[in-house]
Amino acid sequence: MTTPESIKKIVELLLVSNNITALTGAGVSAESGIATFRDPEGLWAKFDPLELASIDGFMSNPERVWSWYQYRVNIVNNAKPNKGHYALAEFNKLNMNFNLITQNVDGLHQRAGSENVIELHGSIIRNKCFSCNEIHEEEILSENLLNYCKYCNGLIRPDVVWFGEMLPEREIDKAQKLASKTDLFFSIGTSAEVHPAAELPIISKREGAVLIEINPLKTQLSEFADIRIALPSGEAMPLIIEEYKKRVIK
Ligand code: NAD
Ligand code: ZN
């Protein structure tokens with residue numbers, strides 16, 4: 001199928017689906033200038049994930065972990081949502097039966113206007129206590145990397161899921177339920193290598209959903225996808241949503 005044919009087919013499916021789910025990954029924010037993890041230019045090519053994104057890494061050198069997160073928070077604060085985020089947010093408003101699940105921690109979907117986003121891996125702009133888990137809204141200032149919990153004096157850490165940690169139970173639960181009842185599942189800008197998020201498209205497919213992948217590069221999910229669009233999400237998603245609008249807005 002050519003890309004225009006695939007877009008037409010996707011819109012036909014959108015029009016007859018009662019339940020639509022999308023899972024996004026770092027690729028969706030690449031066009032906002034936020035590096036992915038696993039691409040050749042990605043962050044893990046330059047940094048050691050186990051030192052920077054694990055409990056052991058944090059316990060052995062919390063300052064190093066904090067300066068890496070400060071560096072990323074700065075990039076996120078200076079970034080803007082891109083056309084892919086906006087197209088998904090627009091679809092979110094047009095279709096009540098659409099649910100958005102993200103592995104991203106940058107909050108750009110919400111800044112673009114998406115509501116009720118399920119954040120599987122937490123948020124880089126939120127912090128919590130390492131000991132008592134209490135959420136801390138106050139900003140962590142770069143000159144003062146180590147901050148302590150006002151309730152228990154534990155160290156404050158970013159509220160993200162690190163290697164070896166469990167995903168927030170409510171979020172993964174909700175995501176698995178959505179995946180198993182959805183008619184149409186979009187996997188957008190994810191390498192589909194991080195578990196358990198990577199199982200969601202497979203769950204949906206097993207339960208009978210049509211699986212669509214939007215990614216310029218092939219992933220291990222590609223062979224299971226019914227339709228693949230090999231374009232950046234900032235190009236593919238607006239094409240799909242514009243075509244959808246032509247059909248629903250008269
Ligand atoms: P990943 O880095 O493993 O894979 C990124 C994928 O995006 C690749 O398959 C790549 O081909 C694709 N891609 C690159 N540019 C794209 C574009 N413009 N449009 C569509 N696809 C594009 O990312 P992942 O699968 O999300 O897993 C990484 C983990 O890292 C997640 O757990 C996530 O929490 C975290 N992470 C988050 C951010 C963020 O919040 N922006 C950034 C980096 C990593
Ligand atoms: Zn505490």
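Counting starts at 1 for both ligands and their atoms, in listed order.
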Record the part of [X] in heavy-atom contact with ligand 1 below 4.0 Å; permitted values are side chain, backbone, both and neither.
| X | result |
| --- | --- |
| A197 | neither |
| V194 | side chain |
| I34 | side chain |

Would you say [X] and ligand 1 have an N/O pair spaced under 3.5 Å apart?
| X | result |
| --- | --- |
| A26 | yes |
| R72 | no |
| T219 | no |
| F37 | yes |

For [X] and ligand 1, answer yes if some heavy atom of the residue is under 4.0 Å from a ligand atom, otherwise no.
| X | value |
| --- | --- |
| A35 | yes |
| P216 | yes |
| E193 | no |

Looking at [Y] and [X], is any side-chain nitrogen of the basic one under 4.0 Å from a carboxylate oxygen of the acidic one?
| X | Y | result |
| --- | --- | --- |
| K8 | E5 | no |
| E12 | K9 | no |
| K128 | E165 | no |
| K205 | D226 | yes |

Count of N, O or S atoms belonging to protein, less than 2.8 Å from the Zn ion (ligand 2): 4
Among residues at least two apart in sequence or on other chains, which ones pass side-chain hydrogen bond (donor to acceptor under 3.5 Å, both in side chains) with D173?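 Per chain and number, D173 pairs via side-chain hydrogen bond (donor to acceptor under 3.5 Å, both in side chains) with K177.
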I need the I227 CD1 to T3 OG1 distance, nearest 0.5 Å. 11.5 Å
Ligand-side contact atoms (ligand 1) for residue partner A30, heavy atom cut-off under 4.0 Å: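 Atoms satisfying the 4.0 Å criterion: 15 (N).
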Side-chain (D159) to main-chain (G122) donor-acceptor, under 3.5 angstrom: no
